[in-house]
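Report on one structure; see the data block that follows.
The chains referred to below are lettered A, B, ... by the order of the sequence lines, with proteins before strands, and numbering in each begins at 1.
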Number of protein chains: 2
Amino acid sequence: MSHLGYSCLMALDRDHVLRSAAALLTRKSTATMDEVAKAAGISRATLHRHFAGRDALVRALEQLGIAECEGALDRARPEEGSAAEAVRRLVREIQPAAGLLAFLYGENQLWEGDRQNEGWQRLDARMGALFQRGQRDGEFRIDLSPVWLTEALYGLIASCAWATLDGRVASRDFPTMIAELLLGGALRREEP
Amino acid sequence: MSHLGYSCLMALDRDHVLRSAAALLTRKSTATMDEVAKAAGISRATLHRHFAGRDALVRALEQLGIAECEGALDRARPEEGSAAEAVRRLVREIQPAAGLLAFLYGENQLWEGDRQNEGWQRLDARMGALFQRGQRDGEFRIDLSPVWLTEALYGLIASCAWATLDGRVASRDFPTMIAELLLGGALRREEP
DNA sequence: CCATCGTGAGACACAGATGTCTCACTTGGG
DNA sequence: CCCAAGTGAGACATCTGTGTCTCACGATGG
């Protein structure tokens, strides 16, 4: 096998393994390296050839999650149109990554350390900017800080992802449930 | 020491150990039994005399969390006054238990099993009933299901508890941030 | 056909946490 | 004063998951 072919196959395999691991760990966050390997259809030895260890795997999943979020943020065009519509687009774009995000959200190892991946800061900044724009345009209320709105969005995504896995929320309702609650809240709005 | 004195002291100690463990595990959910013992000011041997093992400790914390929630729900008088005010009271009453709830929320061991503590079902039912009352009274919108609103409340509590621990949200803002977001959402409301 | 390389299966040692046990100390009651 | 009971400290075995290694197999390319 040529050197080119080698790296290509490895890259494809790596991505496939990553996706499988994400899917499995979303359902069972305590899954063993053995189970992760099985789920990906490879042996534990090969899994270790891709990722030095469990920590490296989780870090790679973290990178994947960050990348998916940034992609969703890009596709949502947060600067365009009303902030509320941008939030709705963002939630819709982020749904495919919701399971992975929920797993990462519960992976305390990533947050308890003193140093955390700077990708989250970039994401927080971009989302915070979206909420800030909404406030500046008079669209969003100003008594809820952008930081808290960002935090709340993550929390709602994780909640809804878990509720969806348990069948308590229908998958097709995911974007509506999150965006409408975050934007409009539970109170009925008087028709203008 | 009399038999009466024995059981009394054990009960007091047990509660103290439970509180210490809750406080520690809120900050570091992967803390060792050794660390839990140190935090409670007792030895690992004594800790094992109170709780057969880590699993038993976590289950006891789960019971405590459920009890705290039910207490908060009782004190919030969910049947009284407007549903929105009841939600505000509930969030305020639940704040002292928020850290413990956030820990339990992230303890996958409790949720991934096929059988989970029925206390949560009781709580879900009571909270769901509160949201349902709000809908029945025309106070809450009906396109967000009570189940989802309950789920979202848990998620927001956990999010805000973690954000508070990290200093991203001030502790005194906890009730407002959660209740106002859950009830009113991010959108500005036109003055009636 | 042969050489190379990735892979799977398994053995193995290691690390960390857990559960159990013993024993000396001290504290409180009779 | 003496005894009983709880406690702390530590030793010890165990267990689970992990990380590393070897080796045989199969596929691919020259």
So, using salt bridge (Lys or Arg N to Asp or Glu O under 4.0 Å) as the criterion, who are the partners of Arg27(A) when residues are at least two apart? none

Round to a whole Å and report the spacing from CG of Asp55(B) to P of dT16(D). 14 Å

Here the residues of residues 21-46 of chain A within 4.0 Å heavy-atom distance, strictly under, of DNA chain D are Thr32(A), Met33(A), Arg44(A)

Among pairs that include at least one residue of residues 59-93 of chain A, which meet ring pair (Phe, Tyr, Trp, His ring centres under 6.0 Å), considering only residues two or more places apart or in two chains? none

In whole angstrom, give the distance that lies between atom CZ of Arg49(A) and atom P of dT22(D). 12 Å

How many Å lie between NE2 on His50(A) and C1' on dG19(D), as a whole number? 17 Å

With sequence neighbours left out, write down each residue that passes salt bridge (Lys or Arg N to Asp or Glu O under 4.0 Å) with Lys28(B), or none if nothing qualifies. Glu35(B)

Polar pairs (N or O, both sides) under 3.5 Å between protein and nucleotides 13-15 of chain D?
none

Contacts under 3.5 angstrom, residues 171-184 of chain B side chains, donor-acceptor by atom type, not counting sequence neighbours:
from	atom 1	to	atom 2	distance (Å)
Glu180(B)	OE2	Arg88(B)	NE	2.7

In short, ring pair (Phe, Tyr, Trp, His ring centres under 6.0 Å) pairs touching residues 115-149 of chain A with sequence neighbours left out are Trp111(A)-Trp120(A)

The salt bridge (Lys or Arg N to Asp or Glu O under 4.0 Å) partners of Glu139(A) (sequence neighbours excluded) come to none

Verify whether one side chain among Asn108(A) and Ser29(B) offers a donor that lies under 3.5 Å from an acceptor in the other. yes

Who passes ring pair (Phe, Tyr, Trp, His ring centres under 6.0 Å) against Tyr105(A), sequence neighbours left out? Trp162(B)

Output the rounded distance in Å from CZ (Arg54(A)) to C1' (dA15(C)). 16 Å

How many Å lie between CG on Leu47(B) and C1' on dG6(D), as a whole number? 15 Å

Whole angstrom is fine here: how far is it from NE2 in His48(B) over to C1' in dC21(C)? 12 Å

